[in-house]
Amino acid sequence: MPVVAKQSERMRQFKNKGKNAAALRRQRVEVNIELRKAKKDEQILKRRNILFSLMEENISPEDKRNEVVQLSLEEIVEAVNGSNEELQLQATQATRRMLSRQKEPPINQIIELGIIPRLVEFLTCADNAPLQFEAAWALTNIASGTSDHTKAVVEGGAIPAFISLLSSPHMHISEQSVWALGNIAGDGALYRDALINCSVVPPLLALVSPVTPVGFLRNITWTLSNLCRNKNPYPPLDAVNKILPVLICLMEHEDKEIISDSCWAISYLTDGSNDRIQIVLDTGILPRLVELMASPELIIMTPALRAIGNVVTGTDEQTQVAIDAGVLAVLPCLLRHAKPTIQKEAAWTLSNIAAGPCRQIQQLITCGLLPPLVELLDKGDFKAQKEAVWAVANFTTGGTVEQVVELVQSGVLKPLLNLLLAKDSKTILIILDTISNLFLAAEKLGETERLCLLVEELDGLEKIEALQT
Amino acid sequence: MFISDCRREFYDVIVSQRVLLLVASDVDALCACKILQALFQCDHVQYTLVPVSGWQELETAFLEHKDQIKLLVKQDDDLGVPAYDDIFRDDEDEEEDSENESEGSEPSEKRRRFEEDIIERTMKRRQRREWEARRREILFDYEQYEYHGTSSAMVMFDLAWIMSKDLNDMLWWAIVGLTDQWIQDKITQMKYVTDIGILQRHVSRHNHRNEDEENSLSIDCMRIAFEYDLRLALYQHWSLYESLCNTSYTSASLKLWSVQGQKRLQEFLADMGLPLKQVKQKFNSMDMSLKENLREMIEESANKFGMKDLRVQTFSIHFGFKNKFSASDIVYATASLMENIEKEGPETTNFIKALDSLSRGNLDKLHQGLALAKKQLRAIQQTVASCICTNLVISQGPFLYCSLMEGTPDVKLFSKPVSLCLLSKYLLKSFVCSTKNKRCKLLPLIMAAPMDVEQGTVIMVGIPPETESSDKKNFFGRAFEKAADSTNSRTLHNHFDMSIIELKTEDRSKFLDALISLLS
């Protein structure tokens, strides 16, 4: 029939129609099956993953190769105390796996098994590196718990064993030992000093070299920071003197975490008496610290700011070193920082600089610190405002009359008087002291009347009177 | 839920249950409904049918029956759905993401070594953050635009076919569903042609016996035939002249609202050698000699007059000697029945009538629909002509805007969403042909018409620009939502198509202002 012939001819002109209808249908069905199969495979994979995580928590890649063995706690004790090396390793590994799972590792249970001394023994098996490693890891995790947990590890005799392992020919084992020692040192001044007395510092520092991998270096830096940490008492001076040069080096590394932990270590070392501060200053590290204070990375900037804040709690000369290193150029930004804690620390630093002689106060003015100070007083976070009040108070105490005038001209009175409404009595007292200092200065210039007017205009009088009730 | 295997995950589940069928108010949904009903009849599935015209009704119906509802399937055009894995994540162990919060705080005094390598963990965290960022992007894209996927009627037919329960009747409904999408300009030309191809194979399979003289069917049996037919609305049930005047493609291309346009029409007819008297007669009464080769003749002449797409691939249905209908005829008829402004009884009567008209036994309803459709098309063309001639379409910057005043003839017809959308599309097409402003040709259109005078509401639709390579994606849904939010306008985003909203007449100007600034 002509119509049909025309139809088929025309059909061939269009997409797909040139093909045989049967071929087309085959193609489509196949595509469908393929898609459905792919989806099905995906589903199975997903279910498998879930099942796995239900059955066994956290299977490490090594375990996937070997058979995953489930051991009961009794079996672990038996194996650990036995003499079969295979079983010792299996049991230690099982212990390690339990202790390294994400949620609620059974540290207390493991301690109660009483196997810690045996695990410490395993640390000394130089011919069985896997055993050393698993034991080191397990002990690290036990020591990462509470003080009692760390105590259990130390009392098992772990300290000298771990310090020996720092010189292990196997890098992963020495790294694990660094970690374990970091946990022990972090417990407090007592164990920190115990480590130092066992000569932990030289072999530890020896691990730092240009070819040390970054991950390893991070661990070392962290452990070093724990060795510098804690007061009552401060870390022994000779240890600090040994550690400092290496710390200075590490602060030049490019890795952010390494720089950060080094800065934290410096901040611990500067958190002390003036001679402690001097030791740090003598390394000449201050310009680098100021540079890091200006870093956009919060994890670097925070400890650098803390360290510098500590430095300016020292003598006027020590503060001058910080000023000479350029801290006043960086402070304005930090006073305006989005994070309240940064604002607070910056204001605290400023308040300590303002407690210095008038030549240093002059440098504050010259470097434009007054506007951001006033801004902070006005709009900052309340804790930062309290520090800012201290800064103003110190300014009026130590500043010359001209400097005080400049302070008033920068508009500090308004926000200062507003803070009289705060509920903090200490702050209010400081503000009142500040105001009397201002009037003292005004008197010297014969400008008392003007200052009175100013205060009244800003509703200061009312606020002060309100405090009388 | 997303279903990949229609048969196993859907049909097999519901076939043994009592089913609640919620059907939206558009022809495609109706066709899908018919197919499903036929399947249910086959398998003796008990069901309740509830027409819903929007989200609220869907919710109401759901709440009413919710005690019995276990699986909910809404008949609606499916929208392009992003891959499962990109949006959902099987719950992995929740890691404390405390790393971010503690940025800048002191290093911990003690650290436990976890199972995975630390680097691995940071990698995982980073991957997760990237995944979430990508997910946000994907969801934004997905929710930003509205567009339509495969016709639901075709999906239902596919289901029937997989179960080897497909009949010629169902195939016809699938064809009507697809044609509805095309007429409402919801899918691209590409998609339409592809889907026609798919249906063509089914048509051959079901209807090949016509070719075989020995085994040919009785003339009374229903047959579907592929047609490369004229794109003139309802022309076989009208006069050729009327159809030429009231089809948007010809009316816009020839610019029939103007005097020159009318002249051009005369030239066009003359070019084809068709006398005016003949052309104004009922099509069936036209001279046989003129009807022979009509399609080719018209196509040739149309090419000369700049109408290159006057013919379109489609299908027609025959049963008996008299009854021949093109798929588009059915679409227009059914839509008009569904949106009939003359209410004859409870709310759902029109819906049911429209549904019934899709069955061959209800020819009277179908003819009624055809009559209504003619009225509707005439009304549309007249409204379009008057809007163009009185410059009612104005550019607001990022879009064109046209508002129908109360008191405009036939304005009541356009208080219904499908009719208003059809009007808008035709208006935009005509406007693009009429305007000389190159920039305006690329703009989308927002159209407003009074909805309920007593309540003081207006119905508003937004349609994408008229371009050749349009992907038919509509961003107005989101835009309307945002504009309503920012101005606290009292709007109702009830329609399944988010680009259709109702709002209070008083809020109209501030709503539009917000839209303008939003889209500028």
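Lettering follows sequence order; numbering is per chain, from 1.
- Panel note: side chain B/R231, backbone B/D309; a donor-acceptor pair is recorded below 3.5 Å.
- Taking the centre and axis of the six-membered ring of A/Y191, the NZ or CZ atom of A/K151 falls outside the cone set by 45° and 6.0 Å.
- B/Y192 and B/W182 have parallel rings, their planes meeting at less than 30° on a 0 to 90° scale where 60° marks the start of perpendicular.
- A/N141 touches chain B through backbone and side chain together, each having a heavy atom under 4.5 Å away.
- Remark: side-chain polar atoms of A/N226 are paired, donor with acceptor, to backbone N or O of A/G182 under 3.5 angstrom.
- For A/L99, the part lying under 4.5 angstrom from a heavy atom of chain B is the backbone only.
- Between chain B and the residues A/T140, A/I184, A/D187, the largest count of heavy-atom pairs under 4.5 Å involves A/D187.
- Residue contact with chain B, scored on non-hydrogen atoms closer than 4.5 Å, is absent for A/T221.
- Using a 4.5 Å cut-off between heavy atoms, A/Q176 contacts chain B through its side chain alone, with no backbone atom that close.
- Aromatic rings of A/F133 and A/W137 (six-membered ring for Trp) have centroids within the 6.0 Å cut-off, being under it.
- Contact of A/S144 with chain B is made through backbone and side chain together, with heavy-atom distances under 4.5 Å.
- A salt bridge is defined here as a Lys NZ or Arg NE, NH1 or NH2 lying under 4.0 Å from an Asp or Glu carboxylate O, and B/R113 with A/E175 fails to meet this definition.
- For A/A180, no part sits under 4.5 Å from any heavy atom of chain B, backbone or side chain.
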